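Beneath this line is the structure, given in structure tokens, with notes to follow.
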Amino acid sequence: MPFSFDFGGGFNPAGGFHTNGGFNPGGSAGEGFTPPPKRPRKPRKAIGSAFTRTLINLGVTLAVGLAYFYLALPALNFHAEEFYVFVFLLCAVYCVCAVLTSGFQGEGIRGYARFVKKQCAVPFLVVLALIAAIAVGAVSSWVVLRAGAYSELLPLQTGDFTAEVEEISYDQIPMLDEDSAARLGSRKLGELSDMVSQFEILDTYTQINYKGRPVRVTSLAYGDLIKWFTNRSEGLPAYLVIDMVSQEAEVVRLGEGMKYTTAEHFGRNLYRHLRFHYPTMMFDEPVFEIDEDGIPYWVCPRIVRTIGLFGGVDVRGAVLVNAITGESAYYAEVPSWVDRLYSADIIIQQYDYYGMYHNGFLNSMFGQRDVTVTTEGKNYIAIGDDVYMYTGVTSVTSDESNIGFILSNQRTKETHFYSIAGAEEYSAMDSAQSQVQQMNYKATFPLLLNIADQPTYFMTLKGADGLVKMYAMVNVQQYDIVATGSTVAECETGYRQTLARRGLIAAGEASVDVTLETQTAEGVIAEIRSAVIGGNTHYYVRMERGVAYLDFNTAELPRAVLLDKGDHIGYRYVSDSANLTENSITQVRSFWFQGEEEGAEAGDWQS
């Protein structure tokens with residue numbers, strides 16, 4: 001068969017190259033390739049009857065909803081934002097199922113929209129209704145429109161500090177902050193070999209009054225999931241009590257373990273236990289407390305929204321859950337042993353609303369007449385049978401000084417404002433630290449005390465190891481008046497004497513009416529250090545086999561300059577259990593060298 005060439009095109013198997021430049025399998029020169037026509041897309045078939053499809057859609061939606069509810073635990077309450085997320089999720093799941101079970105019919109976006117409108121009319125209307133409710137609820141809760149209502153959330157009374165806040169005994173003053181309590185708790189648990197390998201400590205310590213003493217309490221937790229699995233049948237065997245005055249940590253063992261805690265899993269998890277029993281209630285973070293009989297409970301404050309749908313967060317009663325048995329009950333008025341119903345965050349937020357908006361929203365933005373806010377930081381103090389939260393109040397311009405402070409009862413929310421201009425808390429902390437700057441101690445956030453009718457900041461001074469070393473008192477109104485001491489009694493004595501020298505109190509009020517027990521001991525000096533505090537040289541001595549440091553004040557004990565490492569001495573010291581922990585400091589009243597007589601105070605002493 002002869003070949004012919006056509007230089008204008010491609011190869012033609014019938015006899016030449018065609019001019020179109022493409023391959024023509026049909027052999028006709030000059031003809032291009034024609035693609036096959038597209039097949040029309042077949043609509044997917046619907047599954048079963050309309051009733052069957054509806055059952056499938058509802059079943060899948062229900063299954064997804066139950067799984068989400070079990071994991072996320074949303075409150076079924078129109079005031080809860082998570083409720084709307086939950087319903088939106090259910091509507092979305094139903095619509096997706098309807099598309100899959102009914103088959104997609106239609107072209108393009110418009111066709112899809114018509115199909116969804118036809119198959120998902122009810123979920124579509126539900127979503128529209130919820131969006132409208134959210135919009136109305138947000139507007140009705142908007143602080144711009146409801147500033148007056150927000151400013152009235154916290155009933156505030158103006159009080160007289162010296163008349164209403166009584167002086168408390170030095171042996172009732174809490175000396176530990178939460179960090180120090182946590183360190184003591186961890187150390188105590190580490191001493192118990194049968195527990196430390198299986199359990200750890202929850203880092204949420206609650207300050208309460210227990211049998212007339214300020215303490216912090218917390219629950220144990222499982223070390224990990226495997227240890228939970230091996231110990232869950234017995235539950236958590238103990239909780240911790242940290243005495244904030246004596247600084248003693250106690251592990252309280254239970255006859256029957258706690259089975260309902262925040263450290264549990266599945267149905268015994270506290271959050272899930274609450275949600276299944278109270279599906280419509282909103283809760284603040286549960287706190288661990290013990291009643292006067294030492295029975296552990298979880299106090300779960302009930303949250304309500306009082307302004308519109310989403311504004312005005314407040315507390316209305318609480319659910320008390322027995323941590324051992326899981327028995328629970330809602331109390332509109334909680335029992336008197338409950339110390340913490342209102343969290344500090346809620347109280348502070350409500351005061352800030354008052355401080356910002358009690359003269360109207362526009363004033364908070366322009367002019368700012370009498371606009372105040374709380375200072376950064378808070379602390380707690382026991383007054384009577386209740387625990388009060390303390391925080392300072394300053395002007396919105398934040399000029400590093402306070403115009404007053406509030407004390408708020410954490411059980412009743414009764415709040416008093418005391419108008420006392422003075423140092424802001426962090427300025428007072430700096431002032432206390434400057435007194436012992438050579439020791440590099442750090443001050444804790446202060447408590448507010450009434451000392452000789454003077455508003456006084458009290459704080460502990462901690463070393464690098466996080467343990468309490470000394471104590472400090474700073475006058476609120478004149479924060480250059482500072483006293484430090486190795487014991488609270490010594491600190492208060494020095495503080496009162498300074499107040500007397502400055503003419504703020506009478507000379508007769510300069511002494512502290514306390515009787516401190518003293519004890520006698522002897523030993524060999526293993527270590528000695530010195531520091532100048534308040535113009536006086538102090539020698540800090542650690543004895544062999546001793547854990548605490550002995551404070552020799554040369555103003556009272558001039559012969560302390562003769563002390564040296566290796567000396568064998570006898571000494572009389574203040575027997576204060578708060579100062580006998582490791583690396584703490586206790587005050588020496590007198591001392592004598594080996595072979596010397598102690599004197600009439602304690603009789604003869606020989607090595």
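Computed from a predicted model, the values in this text were never measured in an experiment.
The aromatic rings of F283 and Y278 stand perpendicular to each other, their planes meeting at an angle above 60°, with 30° marking the opposite boundary. Between F288 and W298, the ring planes are perpendicular. Angles over 60° get that label, and only those under 30° would be called parallel. Ring geometry, F69 versus F86: the interplanar angle falls from 30° to 60°, so the pair is classed tilted. Between Y357 and F361, the two ring planes are parallel [angle under 30°; tilted spans 30° to 60°].
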Only distances under 3.5 Å count here; give the side-chain donor-acceptor pairs of residues 126-141 to other protein atoms, sequence neighbours excluded, each with its distance to 0.1 Å.
unit_1: S140; atom_1: OG; unit_2: V136; atom_2: O; d: 3.1
unit_1: S140; atom_1: OG; unit_2: G137; atom_2: O; d: 2.9
unit_1: S141; atom_1: OG; unit_2: G137; atom_2: O; d: 2.8
unit_1: S141; atom_1: OG; unit_2: I307; atom_2: O; d: 3.1
unit_1: S141; atom_1: OG; unit_2: L309; atom_2: N; d: 3.1
unit_1: S141; atom_1: OG; unit_2: F310; atom_2: N; d: 3.0
unit_1: S141; atom_1: OG; unit_2: G311; atom_2: N; d: 3.4

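Taken to the nearest 0.5 Å, the CD atom of Q454 stands 7.0 Å off from the CD1 atom of I481. Atom CG of D160 sits about 8.0 Å away from atom CD1 of I420, to the nearest 0.5 Å.
Side chain of Y330 to main chain of R302: no donor-acceptor pair is present (N/O by atom type, distance under 3.5 Å, no hydrogens or angles). A donor-acceptor contact shorter than 3.5 Å links the side chain of D291 to the backbone of G294.
Here the closest heavy-atom approach between residue K413 and residue P155 is recorded as CE-CD, 3.9 Å. In this structure, N363 and R369 approach most closely via the heavy-atom pair ND2-O, 2.9 Å.
W337 has its ring centre less than 6.0 Å from the ring centre of Y297.
There is a side-chain donor-acceptor pair under 3.5 Å between D314 and Q350. In the model, T460 has a side-chain atom that pairs as donor or acceptor with a side-chain atom of T444 under 3.5 Å. If you check the side chains of Y260 and S328, you find no donor sitting under 3.5 Å from an acceptor.
Ion pairing of K442 with D179 is absent here, as no side-chain N (NZ or NE/NH1/NH2) approaches a carboxylate O to less than 4.0 Å.
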Given the rule in the side chain to side chain donor-acceptor pair (under 3.5 Å) test, do R183 and S180 qualify, once you have shown the distances and angles that lead to the verdict?
CA-CA 5 Å; R183 289 175 181 267; S180 297; 6.0 Å; no

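Taking the ring pair (Phe, Tyr, Trp, His ring centres under 6.0 Å) definition, one finds that H416 meets it with nothing, sequence neighbours left out.
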